[in-house]
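For reference, the structure discussed in these notes is given below.
Bear in mind the structure is a predicted one, so any value in this text is a computation, not a measurement.
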Amino acid sequence: MSDQATDPATKTFVAHRNLLFTVAYEMLGSAADAEDVLQETWLRWVKVDLEEVRDQRAYLVRITTRQALNRLRAMSRRKEAYVGQWLPEPLLTAPDVAEDVELAESVSMAMMLVLETLSPTERAVFVLREAFDVTYDEIAAAVDKSPAAVRQIAHRARQHVDARRPRQMVSRSETRAALESFQRVLETGNLQELLDVLAPEVVLVSDGGGVKRAALRPIIGAEKVGRFMAGGLGKNKSPITFAPTMINGNPALLVHLDGELDGIMAVRIEDAHITGLYYVRNPEKLSRVASETPLTLR
């Protein structure tokens, strides 16, 4: 083992790396940007005198949060110029992640979009408090606010999120069953059967990034969503296949066109019907998943 691998700073950083990545990802909605934040965190961490640090985990979370906040504010300008709808970069997640219902819900596409409606500071406070149970004092140090102010921000952010999050928690088995029905319908292309699995108020958000065909605005209502999807499937002359996977802690579909990953379809399920469809086609947001997808799913 190299000296670097046994270095105390390195060992501590590696031990907490997954936590730091998840904090950055939930704040940013971008795995690529989260990786950049981790690199920036590492560069600052190696300059720290560890003997002066009482709680190394809290200190690393503080550095990561500050770097993510800086990047989040810069990203807001990028999103203003984004072509069409913006969706988070999908993450392949292990099946055991979804067993933790709270964690799976906190990184779901639906929840990530709700977090997009918060201000940068509100988002940081909410993520640290609700997803990772960081103390108010630690959050205050990370966002340069007083603990009292952080408590107020957390309360306001929680109310905001609760008003917009899905109305009910759905089990993994229920989501998988609904998704299996949806997959069968997509493979047959039957419009009426498609309408049967969609909730009347279903919303489709698709993200092509100006590179792939996608709706520029959300499509609302089962009839409109069904016809949009049926029309899109009908125009494809190349073989199209659907494979189940786990994305952001929840069951989802990988969409392959002529053997190449063309998109990722995540869903929100309520009362055994699909109420939200999130279809990511932007190639820049698919590269990570494409590289990690087992060949058996392609």
Side-chain angles (χ1 to χ4, degrees), residues 25 28-35 71-72 74-93 107-117 179 182-183 185-187 189 191 194 198 202-248 250-268 274-293 297-298:
Y25 175 75
L28 301 171
S30 165
D33 284 287
E35 291 287 1
R71 188 164 290 254
L72 185 59
M75 285 177 66
S76 64
R77 293 189 290 272
R78 282 162 39 192
K79 290 175 185 176
E80 288 175 1
Y82 197 79
V83 178
Q85 296 295 301
W86 185 94
L87 284 172
E89 179 183 350
L91 280 183
L92 274 179
T93 46
V107 297
S108 70
M109 281 287 186
M111 177 55 68
M112 295 292 285
L113 281 180
V114 172
L115 295 182
E116 283 292 311
T117 64
L179 194 66
F182 184 53
Q183 180 180 346
V185 170
L186 292 176
E187 290 170 342
L191 177 58
L194 177 58
L198 300 176
V202 62
V203 178
L204 166 66
V205 182
S206 54
D207 177 347
V211 180
K212 291 287 191 73
R213 179 178 179 269
L216 295 179
R217 289 176 292 277
I219 299 176
I220 303 172
E223 188 74 25
K224 291 181 179 178
V225 169
R227 293 193 180 282
F228 177 83
M229 297 194 68
L233 293 172
K235 291 180 180 178
N236 287 316
K237 304 304 179 183
S238 301
I240 184 168
T241 58
F242 305 90
T245 189
M246 293 297 296
I247 292 291
N248 289 58
N250 293 271
L253 293 176
L254 299 175
V255 183
H256 286 91
L257 186 61
D258 202 19
E260 298 293 330
L261 182 62
D262 182 73
I264 292 173
M265 199 172 292
V267 297
R268 185 177 73 192
I274 295 173
T275 59
L277 272 168
Y278 313 101
Y279 191 18
V280 180
R281 298 193 71 205
N282 184 344
E284 290 185 1
K285 297 183 180 181
L286 298 177
S287 58
R288 184 186 181 99
V289 170
S291 67
E292 297 176 350
T293 301
L297 294 180
R298 298 183 184 182

State, with a plain yes or no, whether a side-chain heavy atom of L186 is found less than 4.5 Å away from one of M265. yes
Please enumerate all residues that pass salt bridge (Lys or Arg N to Asp or Glu O under 4.0 Å) together with E35, with sequence neighbours excluded. R17, R288
Is there a side-chain contact between D33 and R78 in this structure, where contact means two heavy atoms from C-beta onward sitting under 4.5 Å apart? yes
Do Y278 and N248 pair up side chain to side chain, a donor and an acceptor below 3.5 Å, judged on atom types alone? no
From the list P90, S206, P88, side chain to side chain contact (heavy atoms under 4.5 Å, CB included) with V280 holds only for P90
Is there a side-chain contact between I247 and L92 (heavy atoms, below 4.5 Å)? yes
Between M75 and L28 the two heavy atoms that sit nearest each other are CE-O, 3.4 Å
Can you give me the closest heavy-atom contact between V205 and P218, atom names plus distance? CG2-CB, 4.3 Å
Any residue meeting side-chain contact (heavy atoms from CB on, under 4.5 Å) with E187, in chain and number order, not counting sequence neighbours: Q183, F242
The reported gap from CG in L253 to OG1 in T241 (rounded to nearest 0.5 angstrom) is 10.5 Å
Closest approach of A252 and A266, non-hydrogen atoms and distance? CB-CA, 4.1 Å
Enter the distance from E260:CD to L286:CG here, rounded to the nearest 0.5 Å. 11.5 Å
Going by heavy atoms in the side chains, are T275 and V202 under 4.5 Å from each other? no
Quick check: do V289 and L254 have side-chain heavy atoms less than 4.5 Å from each other? yes
side-chain hydrogen bond (donor to acceptor under 3.5 Å, both in side chains) pairs touching residues 215-232, sequence neighbours excluded, are E223-R227
When rounded to the nearest 0.5 angstrom, what is the spacing between CD1 in I274 and CZ in R268? 11.5 Å
Short side-chain to backbone donor-acceptor contact, D207 and L87, under 3.5 Å: yes
Quick check: closest heavy atoms across A222 and L198, and the distance to 0.1 Å? O-CD1, 3.9 Å
So Y279 and M229, do their side chains get closer than 4.5 Å, heavy atoms only? no
Check: E89 main-chain N/O paired with S30 side-chain donor or acceptor under 3.5 Å: no
Do F182 and L194 touch side chain to side chain, with heavy atoms closer than 4.5 Å? yes
Student check: side-chain heavy atoms of K212 and D262 closer than 4.5 Å: yes
Write down the atom of L113, the atom of W86, and the distance for their closest heavy-atom approach. CD2-O, 3.9 Å
Residues V267 and P251: closest non-hydrogen pair is CG2-O, 4.4 Å
Using modelled atom types and a 3.5 Å cut-off, is there a donor and acceptor pairing between side-chain atoms of R281 and backbone atoms of R213? yes
Nearest 0.5 Å please: distance from the OH atom of Y82 over to the CG atom of N282. 3.5 Å
